[in-house]
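Please read the structure below before turning to the comments.
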Amino acid sequence: MPPPRSFALVLLTLLFLNLAASPVAAQATSTNINVDSGCTLAQAIKSAKDDATPAGSSCEAGGSGTNHSDYIRLTSNLTLTHNVILPEGATLDIRGSLTLNGGGYTISGKESLIGVRATQNADLTYNPITVTLNSLRVTNGNNDDADRPIMWVSDKVTLTINRGNFFNIKSDTKGAAIRLLGDTDPITIDNTDFTGITSGDGAVSMGGVPVTIINSRFTNNTSTSSGGALRFDTSGTYSISRSTFRGNSAAVNGGAINIQSGHVTISESAFSQNSATNSGGAINQNGTASIYRSVFSGNTAGDHGGAIFHERNLTVENSTFYNNRSTNEGGALGSDDFFTATTDFRHVTFVNNEATAASTHGNSLFIEPNITFHMYNSIIKTNTNHSGDDCVGLDTNSSNIIQDGSCGTSSTFSVDPQLGGRAGNPAYYTLRSVDSFAVDRANSAACNALRNPVDQRGRTRPYNFVCDIGAFEWYPPPPPRSGGGGGGGGGGGDDEAAASSDSTSVTVCADCPDLMAAGYALKAHNGLNSGVQFRRVGAMAIGDPAVRENGFMDAIDVYGWVEQGVSVCFPNTGSLLFLDAAFSPRAQVPMSGYTQAGMTCADIDRPGTVVLQSGAAPSARRSRSEASARALSNCMVTSEAILNFRESPGGPRLHFTDPWGDAIAGWLPRGVTLTALERTADWFLVDYHGERGWVSAEWVTPHGVCG
């Protein structure tokens, strides 16, 4: 990769600061405005603003009418040497929608800003507008102004960011990448990366804004105060789902997230290797929070709460905490004594958490007396490498397995929980067998009180009349596979009939009837009402542009209880590619598949997305020296340094272009975790955003079953 560019960012300003006259009603239109050699970004914005071609440009004229839609499209990377700002007092009368299609191109510049604000009326109200940013890469912002974020949003704007990438940005302000101010309409951030951002408080800062964050990644962001990745500043309702927070840090509290106010709901998300100098290695919680089906691993705090430090009401269900650490109290969870609050934990598993400097202050939990803490149907497995109590301060201790017997004499079970290995994404601990002490011993009322009657991976609770203790519900192994593992039938057959006769409550596949009516064939070895889910996704839901552009035809996302073995058949022919959800970034695994009744079918045993393409699926570069390589099915590796990325073990370095258009000159960055597909004695074959090459086993840390 070339040396880092010392540009900052673009100043795309949709500023509407003065009074705007009411527009004359006109028929709605839709216009594409291309940013190219004859139309700068500033001129394209002005065209959308004025509904006319700006003087001296060849821009297409913006659309007109009360509900018009303008589409600004980048056609190349943009490097700006100065700010692009609409004149002070300019107005932009948008009554419909504006979309900026980045096309995966990069915008960089100097001391820049993306501002989005609606038109102000004479009565000081605002006309609501809808703004969408698609596939936009924003980099190298280095703002000297201590109170200037890269992007801000306010005043009756409905904003959606799809497939964005904000990286290498630095500002002393809160929300160095994005600041979401009050008085806006709903904001959605979908499938977007925030990487290497240094801020005063949070790469993204939100205040009084209804925000949804989904399928996004926050990696190696740093705060000089609190909230390395996110700061929730004032009261509001916030939602985070299917997102990852890895390697973020804060100089004070909340290595990944600082919840200063409001209510945050987190689901199906992973927090790993985040750190805070003071409290809350992953989350510092002053507002209220609800956490479902998520995992916290390897987070650290210099004082309290290796994973979470909380002062307000907190609910956690079907989640796992392992290998978290604090220097003082609460290796996984710590609390303060300044406020009163109620905390409810149901079906949570704690493994090998540690409070290193306080031998009696809660290796997993330390709860102050003013926090009313209820814990039900949960597991705390003793960290045998450290002394001291695992738990301090429970008020309700019902049907928990607390191996060292701490948390008071009311501890229901002081036994070895007989956990199995880790699996899944977000990761969970399995139970060793049906003979595990945790099986069928949960408090039924507490299990019934779960927000969703499922375990962490989405399997229905209970399996056998009584729920299991912990985040994992034990199910018997799937029956032996017979025949060709056929994907046909679309819900018929012996498996479905057997499952339908089971009186146990089930989770029915919500989208299966619609998919089968559209010509797809779906099958699960324990039936379509056994906890597996199928849903069709479009090209824009596939994060890697190279996959989308390689003849994308169709895709089915498969999740829930996929380990039983499931099949999906497309009503068209083509090649198959599997995007493995067990790893981030998702591994791209070519599939041979099979044909059945003119359909293209695949069998899988793990969550992910099956993609049907008209083009050939990518294949790994191979050489004669790889003949002895062993295939891997559940391994990933983390690079410990900047590594050479080679065509073959010990062979020449790979030179390729990544999905964002950057030239990679034969190396991989430090600290990335990648899928390992094969290995020799000294080398791993890894997948880096669809490009496959070999790295030295000496310079990576393996995870899982790596041979």
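Counting begins at 1 with the first residue of the sequence. Because the structure is predicted, anything quoted here is derived from the model rather than measured. Values below: every heavy atom of this structure, side chains too, minus hydrogens, waters and symmetry copies.
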Closer than 3.5 angstrom, by distance alone: can the side chain of S414 be matched with the main-chain N or O of Q403 as a donor-acceptor pair?
yes

So do Y322 and R422 actually touch side chain to side chain, heavy atoms under 4.5 Å?
yes

Distance (rounded to the nearest 0.5 Å) between N286 CG and S226 OG
9.0 Å

Of all heavy-atom pairs linking D416 and F437, the shortest is O-CB, 4.3 Å

Let me confirm one number: the CG-OG1 distance from N323 to T300, rounded to the nearest 0.5 Å.
12.0 Å

Could you please spell out the steps behind the side-chain contact (heavy atoms from CB on, under 4.5 Å) verdict for T638 and M636?
CA-CA 7 Å; T638 301; M636 54 186 176; over 6 Å; no

Pairwise distance CG(N253) to CD1(I259) - rounded to 0.5 angstrom
12.0 Å

Between H347 and S378, is there a side-chain donor-acceptor contact under 3.5 Å, judged purely by atom types and distance?
no

Could you tell me whether the side chain of S398 and the main chain of T396 form a donor-acceptor pair under 3.5 Å?
no

Are I379 and Y429 close enough that some pair of their side-chain heavy atoms sits under 4.5 Å apart?
no

Will you find, in the side chains of D193 and T195, an N or O donor that is under 3.5 Å from an N or O acceptor?
no

Between N363 and A355 (side chain of the first, backbone of the second, donor and acceptor by atom type, cut-off under 3.5 Å), is there such a pair?
yes

So OG of S272 and CZ of R246: to nearest 0.5 Å the spacing works out to 4.5 Å

Return the CD1 to SG distance between I380 and C407, rounded to the nearest 0.5 Å.
5.5 Å

Whether N452 side chain and V454 backbone form a donor-acceptor pair below 3.5 Å:
no

On a heavy-atom basis, which atom in F413 and which in S399 lie closest, and how many Å separate them?
CE1-CA, 4.2 Å

Close side-chain approach of T343 to T315, heavy-atom, < 4.5 Å:
no

Minimal heavy-atom distance between G393 and F373, with the atoms involved, is O-CB, 4.1 Å

Should I291 and F296 count as side-chain neighbours, where that means a heavy-atom distance under 4.5 Å?
yes

With a 3.5 Å distance limit and no angle check, can you tell me whether S269 reaches the backbone of S243 through a side-chain donor-acceptor pair?
yes

I want to check something: taking the side chain as every heavy atom from C-beta on, are V316 and L333 in contact at a cut-off of under 4.5 Å?
no

Before giving the answer on side-chain contact (heavy atoms from CB on, under 4.5 Å), spell out for F232 and I240 the whole-Å C-alpha distance, their side-chain angles and the decisive distance to 0.1 Å.
CA-CA 12 Å; F232 299 97; I240 301 169; 3.9 Å; yes

Polar side-chain atom of T349 near backbone of A471 as donor-acceptor pair, under 3.5 Å
yes

Working for side-chain contact (heavy atoms from CB on, under 4.5 Å), residues K381 and F350:
CA-CA 6 Å; K381 180 175 175 58; F350 298 87; over 6 Å; no

Working to the nearest 0.5 Å, report the span between OH of Y376 and CD1 of I469.
14.5 Å

Shortest non-hydrogen contact between G227 and A250, atoms and distance
N-CB, 3.8 Å

Mind checking what makes side-chain hydrogen bond (donor to acceptor under 3.5 Å, both in side chains) contact with Q285, not counting sequence neighbours?
none

Under 3.5 Å, is there a donor-acceptor pair linking the side chains of N284 and S279?
no

Closest approach of G280 and F309, non-hydrogen atoms and distance?
N-CB, 3.6 Å

Quick one: which residue pairs count as a salt bridge (charged side-chain N to carboxylate O under 4.0 Å, His left out) with a foot in residues 267-286, not counting sequence neighbours?
R242-E268, E268-R293

Please identify each residue that fulfils side-chain hydrogen bond (donor to acceptor under 3.5 Å, both in side chains) with S290, with sequence neighbours left out.
H263

Relative to Y292, does R451 satisfy both conditions: NZ or CZ under 6.0 angstrom from the six-membered ring centre, and within 45 degrees of the ring's axis?
yes

Contacts of D390 that satisfy salt bridge (Lys or Arg N to Asp or Glu O under 4.0 Å) - sequence neighbours left out:
none

Counting N and O atoms only, with roles assigned by atom type, does the side chain of T382 sit under 3.5 Å from a partner on the main chain of D404, one being a donor and the other an acceptor?
yes

Close side-chain approach of M375 and I402, heavy atoms under 4.5 Å:
yes

Say whether, by atom type as modelled, one donor and one acceptor occur between the side chain of Q456 and the main chain of A427 under 3.5 angstrom.
yes

Side chains of Q273 and N299 in contact at under 4.5 Å (non-hydrogen atoms)
no

Tell me, with the steps shown, if N191 and R217 meet side chain to side chain donor-acceptor pair (under 3.5 Å).
CA-CA 8 Å; N191 198 11; R217 294 152 294 277; 2.7 Å; yes

Across all chains, not counting sequence neighbours, the side-chain hydrogen bond (donor to acceptor under 3.5 Å, both in side chains) partners of N248 are N221, N274

Of the non-hydrogen atoms in G200 and S223, which two are nearest, and what is the gap between them?
O-OG, 3.0 Å

Any chance you could lay out the side-chain contact (heavy atoms from CB on, under 4.5 Å) test for E317 and L450, step after step, and finish with the verdict?
CA-CA 7 Å; E317 295 181 354; L450 290 169; 3.6 Å; yes

Does the T244 side chain pair with the main chain of A270, one donor and one acceptor, at a distance under 3.5 Å?
no

So do I169 and F194 actually touch side chain to side chain, heavy atoms under 4.5 Å?
no

Does a donor on one side chain sit under 3.5 Å from an acceptor on the other, for T675 and D687?
no

Assess the side chains of R231 and S205: does a donor N or O sit below 3.5 Å from an acceptor N or O?
no

Exam field: side chain T277 to backbone A251, donor-acceptor pair closer than 3.5 Å
yes

Which residue pairs pass the salt bridge (charged side-chain N to carboxylate O under 4.0 Å, His left out) test with at least one member in residues 297-315, sequence neighbours excluded?
none

